[in-house]
Amino acid sequence: MDYSFDFVLATPEIALLVMAAGVLLFDAFNKDGDRYATFGLSLVSLLVLSGLTLWQWNDGVEGIGFGGLYVTDSLAHFLKLCSYIAVAATLIYGRAYAEERDLLKNGGELYSLTLLALLGQMVMISAGSMLTVFLGVELMSFALYALVALRREHQKSVEAAMKYFVLGALSSGVLLYGLSMVYGSTGTLDLHEIAAAVSAGEYQRLALVFGVVFIVSGLAFKLTAAPFHMWTPDVYQGAPTTVTLVIAAAPKLAATAMALRLLIEALHGAALDWQPMLMILAVVSLVLGNLTAIMQTNFKRMLAFSTVSHMGFIFLGLASGVNADGSISVEAYGAAVFYAVIYVLTTLSSFGLILLLSRKGFECENIDDLKGLNRRHPMLAFVLLLTMFSLAGIPPMAGFYAKLSVLQAVVGAGYVWLAVFAVVMSLIGAFYYLRVVKVAYFDEPVEGAVPATASHIDWFTSGVLSVNGLLILVYGILPGSLMALCIRVVQDSLGF
């Protein structure tokens, strides 16, 4: 195994660090209040990153470098590409919103901090060591803490930032303690060496089990799974909606990759210890997420609790990778990755709609603000319908196939009762999604709610949103290629 310092493997991360510093430096001399140039430079940076990653993937650039700290494989290439797309869509949807709320008046930190958060996510995705995992988590987290507090004069934003920082620091401590326990048990930080030690039985069982408990708890926080979700609704509601989308979309891909690296790649031999924990977290997330979301009138808080329930499905997919007879199901892990990608796609659409419908002096945050949306903006209402149907798991949307694939994995692993429970919770969850569609299509418009014209929405942003909604429909009707890709990258990267 090659552990040389091969800088070619880390070309995207090195390029992003240089470009993020360049964006920050350029913005310091940019006197334009609208920060169009900084916005454009950030999108160009993401385009360059996409080209570099596609080149690496196409040329088969894979391996382990930097003393085992860094891994480049198919899973890393795939999730990084998805992260670039998610961040680009986030910046496009949120540009006008940020300008109208004076988030760009004193500087373009929104763009540089978002790129630095992306750098942390990329490090998490390519982590080959527990040390790299933690460094990536902290790099991403500190950038997100600063983004939430970007509106320093806004009381709710500052309060949300404080809650996020305190709870985030606590979760980082929990995760770090778990990693240290695994290190003490196995005597190594390298994920491959940990897997070898566990498989050979060369570890201290009690310390390893304690470490697994704390690691799963830290993962649950990063994936906003109950009961570690307490920060989610307040941060989603209090942060500027642009920042909310930065937190809600791409980081979920990195957290899913972190779960795969730590639990599947390194600690697969201890699956009997963490598998029941994931199932419990999934059940609690499905119950609390769906039942609490029903009571919400604020659209952003409803989507926050909805996120909790969707993370339950990802945990179900991860927990189903080990069948009752001890055999491994690559399809289950592929289904979890597929679910994460589709969740991010629908999240971009849902928060993108909130950003586009908001205008200066008006935040489109309450569900009642969507009344009569179909009469005023039929295209936006249709995208909203596609998004809500997908989140509810109604065919032929992508969310339906994502849930179906996870449920098939759960049944295949021998946990039929768990699949039945997840279906019941999904039926309950469909209520609050269909309520949003009912408000948009059948309620009378309210003056002062959604704008009567779409003149404040530029054609480029509305076009991106249309493509976003179309992809939700396309991947629902033709999901096979993306699902096969998810299974293949997991199989190629995790060695199953």
Side-chain angles (χ1 to χ4, degrees), residues 89 92-101 156 233 236-237 240-242 244-245 248 290 292-307 345-399 428-473 476:
I92 292 170
Y93 290 150
R95 193 208 59 78
Y97 179 96
E99 182 182 352
E100 291 173 353
R101 270 71 179 174
K156 284 187 176 181
Y236 274 38
Q237 183 180 5
T241 308
T242 300
T244 303
L245 185 50
N290 285 311
T292 313
I294 291 175
M295 300 180 288
Q296 305 304 314
T297 58
N298 184 282
F299 196 22
K300 288 169 69 175
R301 287 186 75 88
M302 190 205 83
L303 290 173
F305 285 109
S306 162
T307 298
L345 185 65
T346 51
T347 296
L348 289 169
S349 179
S350 57
F351 281 101
L353 281 163
I354 296 175
L355 288 165
L356 266 63
L357 291 172
S358 299
R359 61 188 186 279
K360 193 167 187 178
F362 170 72
E363 298 284 344
C364 183
E365 288 193 356
N366 295 318
I367 295 175
D368 286 345
D369 292 334
L370 299 170
K371 286 184 175 180
L373 178 63
N374 183 53
R375 301 187 186 183
R376 299 191 175 193
H377 308 299
M379 186 276 289
L380 297 182
F382 183 65
V383 174
L384 178 67
L385 181 144
L386 294 177
T387 303
M388 293 298 106
F389 275 20
S390 180
L391 289 172
I394 297 175
M397 306 307 156
I428 294 174
F431 169 79
Y432 55 86
Y433 294 123
L434 296 179
R435 179 181 62 184
V436 174
V437 176
K438 174 257 181 187
V439 167
Y441 273 84
F442 300 108
D443 286 9
E444 292 294 326
V446 176
E447 292 300 325
V450 294
T453 65
S455 58
H456 68 294
I457 305 175
D458 63 89
W459 63 270
F460 180 66
T461 306
S462 60
V464 172
L465 183 65
S466 300
V467 172
N468 197 162
L470 183 62
L471 287 175
I472 293 174
L473 182 60

Judged by atom type as modelled, is there a donor-acceptor pair below 3.5 Å linking the side chain of N468 to the main-chain atoms of L345? yes
Check A304 against P233 and note the closest heavy-atom contact, atom names and distance. CB-CA, 3.7 Å
Within the 4.5 Å heavy-atom criterion, are R435 and M302 side-chain neighbours or not? yes
Between E444 and R375, does at least one N-O distance fall below 4.0 Å, as a salt bridge requires? yes
Step by step, would you call L303 with T244 a side-chain contact (heavy atoms from CB on, under 4.5 Å)? CA-CA 11 Å; L303 290 173; T244 303; over 6 Å; no
If we only count heavy atoms from C-beta on, is the L245 to T347 side-chain gap below 4.5 Å? yes
With heavy-atom distances below 4.5 Å as the criterion, would you say the side chains of I367 and T297 are in contact? no
Applying side chain to side chain donor-acceptor pair (under 3.5 Å), can you list everything that pairs with Y433, at least two apart in sequence or on another chain? S306, H310
Are any non-hydrogen side-chain atoms of N290 and F431 less than 4.5 angstrom apart? no
Heavy-atom closest pair, residues V383 and G469: CG1-CA, 4.4 Å
Close side-chain approach of R101 and T242, heavy atoms under 4.5 Å: no
Partner set under side chain to side chain donor-acceptor pair (under 3.5 Å) for S349, not counting sequence neighbours: T387
Paired with T241, the side chain to side chain contact (heavy atoms under 4.5 Å, CB included) test is passed by just one of Y93, Y97, Y236, F299, namely Y97
Would you say that more than 12 heavy atoms from the other residues, nucleotides or ligands in this model lie under 6.0 Å from the OH of Y441, or not? yes
Looking only at heavy atoms, what is the nearest atom pair of S390 and G399, with distance? OG-N, 2.9 Å
Distance check, rounded to the nearest 0.5 Å: L434 atom CG versus M388 atom CE? 10.0 Å
Verify, without hydrogens or angle tests, whether N366 (side chain) and D368 (backbone) share a donor-acceptor contact under 3.5 angstrom. no
Can you tell me how far the CZ atom of R95 sits from the CG atom of L355, to the nearest 0.5 Å? 12.0 Å
Let me confirm one number: the CG-CG distance from D369 to L357, rounded to the nearest 0.5 Å. 9.0 Å
Straight-line distance of M397 CE to L385 CG, nearest 0.5 Å: 6.5 Å
If only atom types and distance count, is the side chain of S466 paired as donor or acceptor with the main-chain N or O of S462 below 3.5 Å? yes
Gap separating the CZ atom of R301 from the CE atom of M295, nearest 0.5 angstrom: 10.0 Å
Answer yes or no: is there a side-chain heavy-atom contact under 4.5 Å between L465 and L353? yes
Within this structure, what is the CZ-CG distance for the pair F389 and L473, rounded to the nearest 0.5 Å? 11.5 Å
